[in-house]
Engineer: 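Starting off with a structure, shown below.
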Amino acid sequence: MADPRHVAIIMDGNGRWAEARGLPRAAGHLAGREAIRRTVRAAVKEGVPWLTLYAFSTENWRRPKEEVRLLFNLFEEVLWEETPELVKEGVRIHVIGEREGLPEGLRAAIEYAEVASREGRRLRLVAALNYGGRREILRAVEHLVRSGLPVTEENLRRGFYLPEMPDPDLIIRTSGELRVSNFLLWQAAYAELWVTEKYWPDFSEEDFVEAVRAYRTRERRFGGIPQRQG
Ligand code: IPE
Ligand code: IPE
Ligand code: MG
């Protein structure tokens, strides 16, 4: 089967990775940063044109304040520090999710990354940050109502955070959890799912390649019947 055009990843298990080592959860989030680097590299190598990484959900605000603050600081640092290298590699960065409520510094880093990487043509890297699928759908409905356009799927999409983003073909989740946790609810309608027991900080380039390979063997039917030859 064809290569995936869009791979989206629910990066889960940072906390458990750390706990298993007797480390604070923060250490897991820091280690997760390396896994992000490896994954971006793998996506570029595999020629995947769109990669979305779920970094913070609208429900993650339920965590202790210190953890939320640590995550936001980490995202800010990663955006400032990694963007120049990503730009060199031809990566274009987008961030989807609610900007309101995010700290000023993080918002500035997001704007910097998006503007600085604007010419990237090799890979579209989308960070889902303060993102919730339900929130995105509500936003799109609001947009649609205000526009007065007919209620069609196409017009609804205009109100999504990144209307040109294709639906994910493959959704990967680490740490063995079998749920979608409010990720790309509308867009995931026909996504293929691939789950690994590994915690996110242990996710490797090989794991990414394995998931893409598994995807290629899947038969997507979109509600139809299997295509048979001859
Ligand atoms: C990282 O994993 C995902 C984020 C929300 C940043 P977790 O922090 O959810 O790790 P676990 O699931 O508690 O192990
Ligand atoms: C999903 O992970 C959100 C991100 C990866 C950012 P969670 O750890 O928040 O999901 P639940 O709470 O286990 O469903
Ligand atoms: Mg988790």
Side-chain angles (χ1 to χ4, degrees), residues 6-40 42-43 50-79 81-82 93-103 105-107 109-110 113 125-137 139 160-162 165 168 170-188 191 193-204 207-208 211:
H6 182 187
V7 177
I9 307 183
I10 302 172
M11 310 183 288
D12 198 16
N14 292 353
R16 279 163 285 168
W17 181 92
E19 278 155 31
R21 286 163 177 73
L23 297 168
R25 292 178 58 87
H29 296 313
L30 287 175
R33 181 178 177 169
E34 291 307 313
I36 292 177
R37 279 216 189 97
R38 292 193 292 270
T39 304
V40 171
W50 286 82
L51 174 69
T52 296
L53 302 175
Y54 199 10
F56 192 89
S57 75
T58 47
E59 288 70 40
N60 287 145
W61 289 98
R62 293 181 184 149
R63 297 185 180 205
K65 265 203 192 86
E66 312 77 68
E67 179 165 343
V68 172
R69 197 176 318 129
L70 177 123
L71 284 167
F72 288 164
N73 285 338
L74 184 64
F75 299 147
E76 188 180 330
E77 203 177 287
V78 167
L79 286 166
E81 292 179 8
E82 305 285 342
I93 302 161
H94 299 279
V95 177
I96 58 172
E98 290 300 314
R99 303 272 165 111
E100 241 163 79
L102 295 180
L106 176 54
R107 284 164 71 159
I110 291 170
L125 175 60
V126 183
L129 217 167
N130 200 14
Y131 175 89
R134 288 186 172 179
R135 182 78 63 82
E136 179 172 44
I137 292 168
R139 231 178 142 260
F160 285 172
Y161 293 113
L162 191 55
M165 183 179 87
L170 171 64
I171 293 180
I172 295 173
R173 184 164 187 152
T174 57
S175 87
E177 248 36 280
L178 299 174
R179 55 178 170 262
V180 292
S181 303
N182 206 9
F183 189 41
L184 300 175
L185 294 182
W186 177 280
Q187 298 90 332
L193 308 176
W194 191 86
V195 174
T196 170
E197 292 295 323
K198 279 194 185 175
Y199 296 138
W200 176 248
D202 290 328
F203 191 76
S204 66
D207 294 321
F208 185 86

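What you are looking at is a predicted structure, and each value in this text was computed from that prediction instead of being measured. In listed order, ligands and their atoms are each counted from 1. Heads up: numbering here begins at 1 and tracks the sequence.
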Engineer: Considering the heavy atoms of R25, write down every atom of ligand 1 situated less than 4.0 Å from one of them.
Structural biologist: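 Listed by number with element, the hits are 7 (P), 8 (O), 10 (O), 13 (O).
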
Engineer: Taking 4.0 angstrom as the limit, do E67 and R63 come out as a salt bridge?
Structural biologist: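 Looking at E67 and R63, the cut-off is met.
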
Engineer: Determine which of the N, O or S atoms in D12 is closest to the Mg ion (ligand 3) and give its atom name.
Structural biologist: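 Atom name of the closest N, O or S in D12: OD1.
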
Engineer: Nearest 0.5 Å please: distance from the CD atom of E98 over to the OG1 atom of T58.
Structural biologist: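 Taking CD in E98 and OG1 in T58, the distance rounds to 8.5 Å.
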
Engineer: Can you tell me if R173 contacts ligand 2 (heavy atom of the residue under 4.0 Å from the ligand)?
Structural biologist: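 The answer is yes: ligand 2 sits under 4.0 Å from a heavy atom of R173.
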
Engineer: With heavy-atom distances below 4.0 Å as the criterion, list the atoms of ligand 2 near F56.
Structural biologist: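 By the 4.0 Å cutoff, the relevant atoms are 6 (C).
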
Engineer: In terms of heavy-atom contacts, does CZ of R37 have more than 12 from other residues, nucleotides or ligands at under 6.0 Å?
Structural biologist: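 More than 12 within 6.0 Å, yes.
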
Engineer: Could R25 and E66 be called an ion pair, given the rule that one side-chain N must be under 4.0 Å from one carboxylate O?
Structural biologist: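 Salt bridge: no.
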
Engineer: Which heavy atom of R134 sits nearest a heavy atom of N182, and at what distance?
Structural biologist: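 Heavy atoms only, the tightest pair is N-OD1, 3.0 Å.
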
Engineer: Looking at atom 12 (O) of ligand 2, is any protein heavy atom nearer than 4.0 Å to it?
Structural biologist: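 No; the ligand atom in question lacks any protein heavy-atom contact below 4.0 Å.
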
Engineer: Is G13 near ligand 1, meaning one of its heavy atoms is under 4.0 Å from it?
Structural biologist: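 True for this residue.
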
Engineer: Can you name the nearest heavy-atom pair linking T52 to M165, along with the distance?
Structural biologist: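 Reported closest heavy-atom pair: OG1-SD, 3.9 Å.
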
Engineer: Are W61 and F72 an aromatic pair by the rule of ring centers under 6.0 Å?
Structural biologist: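 Yes, ring centres under 6.0 Å apart.
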
Engineer: What atoms of ligand 2 come within less than 4.0 Å of a heavy atom belonging to R179?
Structural biologist: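 In order of numbering, the contacting atoms are 11 (P), 13 (O), 14 (O).
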
Engineer: Could you tell me whether some N/O pair between A55 and ligand 1 is separated by less than 3.5 angstrom?
Structural biologist: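 It does not: no N or O of A55 is found under 3.5 Å from an N or O of ligand 1.
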
Engineer: Under 2.8 Å from the Mg ion (ligand 3), can any N, O or S atom of E177 be found?
Structural biologist: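 No.
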
Engineer: Please report the interatomic distance CD(Q187) to CD1(I171), rounded to the nearest 0.5 Å.
Structural biologist: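 Rounded to the nearest 0.5 Å, the CD-CD1 separation comes out at 9.0 Å.
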
Engineer: Give me the nearest non-hydrogen protein atom to atom 10 (O) of ligand 1 as residue plus atom name, then the distance to 0.1 Å.
Structural biologist: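 Here the nearest protein heavy atom works out to G15 N, 2.9 Å.
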
Engineer: Are any of the N/O atoms in L71 less than 3.5 Å from those in ligand 1?
Structural biologist: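 Such a contact does not occur with ligand 1.
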
Engineer: Using a 3.5 Å cut-off on N or O atoms only, is E177 in polar contact with ligand 2?
Structural biologist: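 Not met; the criterion fails.
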
Engineer: What residue and heavy atom of the protein are closest to atom 14 (O) of ligand 2, and at what distance?
Structural biologist: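 Nearest protein contact, heavy atoms only, for atom 14 (O) of ligand 2 is S181 OG, 2.6 Å.
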
Engineer: I'd like to know if the side chain of W17 reaches the main chain of G28, judged simply by a donor and an acceptor atom lying under 3.5 Å from each other, with no hydrogens or angles considered.
Structural biologist: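 Such a contact is absent between W17 side chain and G28 backbone.
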
Engineer: Examine the proximity of ligand 2 to M11 and report which part, side chain or backbone, both or neither, has a heavy atom under 4.0 Å away.
Structural biologist: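 Within the 4.0 Å criterion, M11 contacts ligand 2 through backbone atoms alone.
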
Engineer: Side chain, backbone, both or neither: which part of F183 has a heavy atom under 4.0 Å from ligand 2?
Structural biologist: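 None of F183 does.
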
Engineer: Which heavy atom in R99 sits nearest to a heavy atom in V95, and how many Å separate them?
Structural biologist: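 Scanning both residues, the minimum pair turns out to be NH2-O, 3.0 Å.
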
Engineer: Would you tell me which option among E67, R63, R16 has the nearest heavy-atom contact to atom 9 (O) of ligand 1?
Structural biologist: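 Selected option, by shortest heavy-atom distance: R63.
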
Engineer: With the threshold set at 4.0 Å, does a side-chain nitrogen-carboxylate oxygen contact exist between R135 and E59?
Structural biologist: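 Judged by the 4.0 Å cut-off on N to carboxylate O distance, R135 and E59 do not form a salt bridge.
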
Engineer: Under 3.5 Å between some N or O of ligand 1 and some N or O of D12?
Structural biologist: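 Checking ligand 1 against D12, an N or O pair does fall under 3.5 Å apart.
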
Engineer: Please could you name the atoms of ligand 2 that I10 approaches to less than 4.0 Å, counting only its heavy atoms?
Structural biologist: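 Here the atoms of ligand 2 in question are 1 (C), 5 (C).
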
Engineer: Kindly say whether T196 contributes a backbone atom to a donor-acceptor pair with the side chain of T174 at under 3.5 angstrom?
Structural biologist: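 No; zero donor-acceptor contacts below 3.5 Å.
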
Engineer: Hey, which atoms in ligand 1 end up nearer than 4.0 Å to a heavy atom of N60?
Structural biologist: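 Per the distance check, 5 (C).
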
Engineer: Closest heavy-atom contact between A55 and F75?
Structural biologist: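 The pair with the smallest heavy-atom distance is O-CZ, 3.4 Å.
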
Engineer: Give the numbers and elements of all ligand 1 atoms closer than 4.0 Å to a heavy atom of H29.
Structural biologist: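 So the answer, numbered in order with elements, is 6 (C), 8 (O).
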
Engineer: Taking heavy atoms and a distance under 4.0 Å, where does N14 meet ligand 1: side chain, backbone, both or neither?
Structural biologist: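 Both of them.
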
